[in-house]
S.K.: 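The structure's right below; bear with me while I get my questions together.
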Amino acid sequence: MAYTALYRKWRPVCFEEVKGQDPIVNTLKNQLMGDRVGHAYLFCGTRGTGKTTIAKIFARAVNCEHPVNGSPCNVCASCQAIRSGASMNVVEIDAASNNGVENIRDIRDDVRYSPTEGRYRVYIIDEVHMLSAGAFNALLKTLEEPPSYVIFILATTEAHRCQRYDFKRITNDVIGDQIANLCREEGVSAEPAAIRYIARAADGSMRDALSLLEQCISFHYGKTLTYENVLDVLGAVDTAVFSRLLRCVISCQVGEAMACVEEVVSQGRELVQFTADFTWYMRNLLLMQTTDPQEEAINISSDNMAALREESHWIDTDTLIRYIRIVSELGSQMRYAVSKRVLLEVALIRMMKPAMEYDVDSLRQRIIDLEERLAQGDFPSRAPDAGPSVQETPNDRAVKRAPQRLSSGEKHASVQPVRVSEAEYADYQMLANDWRNIIEEQDRLIRSALRGTVIHFEPEKGLRVVFFDPFYKTLMQQQKRTEELNRWLTQRYGKQFHLTMYLKEDENPLPDVVREMDSGVRQIPGIHMEIGQETEDGEGFLP
């Protein structure tokens, strides 16, 4: 007898054997038992989730002579004929290769004849979205108003004019249980770790899981199917490689990271699978950081839980999310790339060198790196007349470029003071005095952007945050961070604030903010200035 592939050999023959699609199975069984069968059904879902299998079971059930709780008996003459393909009542059509108008005309001609035996004629049209526009229009009238003895079951992504059933991806637990059962039936010894990996690699498809299982069994025929065997057959690597690679990326050891890639390639591993598994590994780390997942959620054994929990403390959440984004994009690019290794190496370098990117996540990482270097004093002083240091940061430049305030005896003819009301001055003084503490209480990204700024007031614009470097002004204006700061100030002081961002591009000092009073004008030059009384001729101030 010719060998039969596992996914065909163990294809369910009744509704009770279908795994992972309980809502659909129960609905169809209830319709059959209540004699409420529809005239057209649409089965939607990814590959290997049971669309065709359930369609064939349903076709036998509606014609079965002795159904059992809605399922076909698979013993009567009708069930046997349908299973062997000898029945004229069930027609299975592949619309991918039979998508012309003439094929649909054949169906229209056939549906005029009632079944010679059984109750229904069932047409299973797979990949129906592949029908040409003319062919679908030819089928439209028959599909909407078929004879009472005709049922259409369509597998497509176009949901029109029929009952729709969405087939979800089958969970890893269900797939793993089914693999374990089939291994027992086939007399194959398999480690639990090997079964878990096959279930995860199947990506929700039972058919793919059985095909992968069959591939692994054939390669190591007669032996216990171990975790290492599965990795070897599927071109995957052990999670220890991901742990070592992540340490290299975090510490920016480019050479060591490239050595890891060389090791993976020299072992003949599949780089697409490697990228997918690396993404999954970082996803598990993210779950460890943000929640307390169970073993089932991350699909690893309890032996590896402690190690993964420790590794999750190596990196902050924002950086980890940036890594996941880069590797996820890489996965979609590699499928059709010629030089997969080059793409992988470039992606790893991008992860280690955020300066190569200009998205918000990369800018955030660059700011974090600069803050750490500043905290560690990793910015050597510049030699006299040596020009600007190559390591000088925008924050350094902002502090150096901040204009010096005038002392009480100095004056600047081109800068006129800004006169404000008592209420406006009160808000200005309150924020100006607290500004340094306000900055330190923000989250890391906003805190980095605001350092080196000052608070000022303009009659038409109100309170403004003055930046001396465009990089930080742009960063602060992205993703509604200004609104976030205003909300924080409102909650802190119990009154409404509306700060705007302002970039100072010239070297002139900012005008002093003064308040109008009945006895004259009292000047408040900046934040840390003496208060003086303006003279009558307007040429100076008296202490």
Side-chain angles (χ1 to χ4, degrees), residues 197 200-203 231-232 234-290 298-300 304 307-308 310-373 444-445 471 475 478-479:
Y197 188 85
R200 180 162 64 85
D203 194 24
L231 295 180
D232 187 45
L234 302 184
V237 298
D238 186 68
T239 54
V241 175
F242 303 133
S243 176
R244 189 167 76 252
L245 180 60
L246 184 62
R247 284 198 297 269
C248 295
V249 171
I250 293 173
S251 57
C252 295
Q253 298 177 346
V254 178
E256 293 295 327
M258 297 303 104
C260 287
V261 175
E262 173 62 30
E263 178 183 336
V264 171
V265 173
S266 63
Q267 293 175 355
R269 304 307 189 187
E270 173 55 48
L271 292 183
V272 175
Q273 184 65 43
F274 174 83
T275 302
D277 289 345
F278 191 31
T279 306
W280 190 268
Y281 166 77
M282 290 190 291
R283 170 259 190 190
N284 289 344
L285 290 178
L286 185 61
L287 288 182
M288 281 291 185
Q289 289 184 348
T290 56
I298 57 179
N299 294 297
I300 63 173
N304 294 328
L308 192 66
E310 180 182 353
E311 293 166 3
S312 67
H313 298 302
W314 294 349
I315 185 174
D316 64 273
T317 302
D318 291 338
T319 303
L320 184 57
I321 292 175
R322 188 177 74 88
Y323 289 173
I324 293 175
R325 175 182 57 79
I326 292 175
V327 179
S328 298
E329 293 173 355
L330 172 66
S332 60
Q333 296 169 358
M334 288 181 66
R335 295 187 182 278
Y336 308 104
V338 177
S339 302
K340 294 181 174 61
R341 175 174 177 173
V342 175
L343 288 180
L344 175 59
E345 292 173 340
V346 169
L348 292 174
I349 294 174
R350 286 172 57 198
M351 294 165 67
M352 292 180 277
K353 304 290 185 181
M356 298 174 62
E357 299 182 287
Y358 295 95
D359 57 272
V360 175
D361 291 337
S362 300
L363 292 176
R364 181 188 296 114
Q365 185 62 44
R366 292 163 67 178
I367 292 171
I368 292 172
D369 294 343
L370 289 172
E371 284 185 332
E372 292 177 351
R373 294 173 64 186
R444 182 160 48 187
L445 184 59
F471 171 83
L475 186 64
Q478 289 179 339
Q479 297 186 348

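Heavy-atom basis, side chains included; hydrogens, waters and symmetry copies ignored.
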S.K.: Report the C-alpha separation of Arg247 and Ser243 in whole Å, then their side-chain angles, then the decisive distance to 0.1 Å, and conclude whether the side chain to side chain donor-acceptor pair (under 3.5 Å) test is met.
M.R.: CA-CA 6 Å; Arg247 284 198 297 269; Ser243 176; 3.1 Å; yes
S.K.: For the side-chain contact (heavy atoms from CB on, under 4.5 Å) test, which of Val346, Val264, Val261 pairs with Arg341?
M.R.: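 Testing each of Val346, Val264, Val261 against Arg341, the sole residue satisfying side-chain contact (heavy atoms from CB on, under 4.5 Å) is Val261.
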S.K.: Please report the interatomic distance SG(Cys248) to CE(Met352), rounded to the nearest 0.5 Å.
M.R.: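 So the gap between those two atoms works out to 8.0 Å.
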S.K.: Could you state the interatomic distance from OG1 (Thr275) to CG (Leu330), rounded to the nearest 0.5 Å?
M.R.: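 Thr275 OG1 to Leu330 CG: 4.5 Å, rounded to 0.5 Å.
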S.K.: Under 30°, 30 to 60°, or over 60°: which ring-plane class applies to Phe242 and Phe278, parallel, tilted or perpendicular?
M.R.: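 Parallel: the ring planes of Phe242 and Phe278 meet at under 30°.
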S.K.: Can you tell me how far the CG atom of Leu286 sits from the OG1 atom of Thr279, to the nearest 0.5 Å?
M.R.: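 One finds 12.0 Å between CG of Leu286 and OG1 of Thr279.
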S.K.: With heavy-atom distances below 4.5 Å as the criterion, would you say the side chains of Asp277 and Tyr197 are in contact?
M.R.: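 The answer is yes, as the side chains (C-beta and beyond) meet within the 4.5 Å cut-off.
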S.K.: In terms of side-chain geometry, is the basic nitrogen of Arg244 or Glu256 positioned less than 4.0 Å from the acidic oxygen of its partner?
M.R.: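 So Arg244 does not pair with Glu256 through a salt bridge.
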S.K.: Rounded at 0.5 Å granularity, tell me how far CD1 in Ile326 sits from CE in Met351.
M.R.: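 Rounded to the nearest 0.5 Å, the CD1-CE separation comes to 6.0 Å.
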S.K.: To the nearest 0.5 Å, what is the distance between CZ (Arg283) and CD1 (Ile324)?
M.R.: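 It comes to 9.5 Å.
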S.K.: Set out, in order, the CA-CA distance, both residues' side-chain angles and the distance that settles side-chain contact (heavy atoms from CB on, under 4.5 Å) for Leu285 and Leu246, then state yes or no.
M.R.: CA-CA 11 Å; Leu285 290 178; Leu246 184 62; 3.3 Å; yes
S.K.: To check you understand the geometry: which heavy-atom pair defines the closest contact between Ile250 and Tyr323, and what is its length?
M.R.: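 Nearest pair, atom of Ile250 first, then Tyr323: CA-OH, 4.3 Å.
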S.K.: Going by heavy atoms in the side chains, are Leu348 and Leu245 under 4.5 Å from each other?
M.R.: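 Yes, at least one pair of side-chain atoms sits under 4.5 Å.
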S.K.: Roughly how far, to the nearest 0.5 Å, is CG of Asp318 from CD of Gln289?
M.R.: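 Between atom CD of Gln289 and atom CG of Asp318 there are 9.5 Å.
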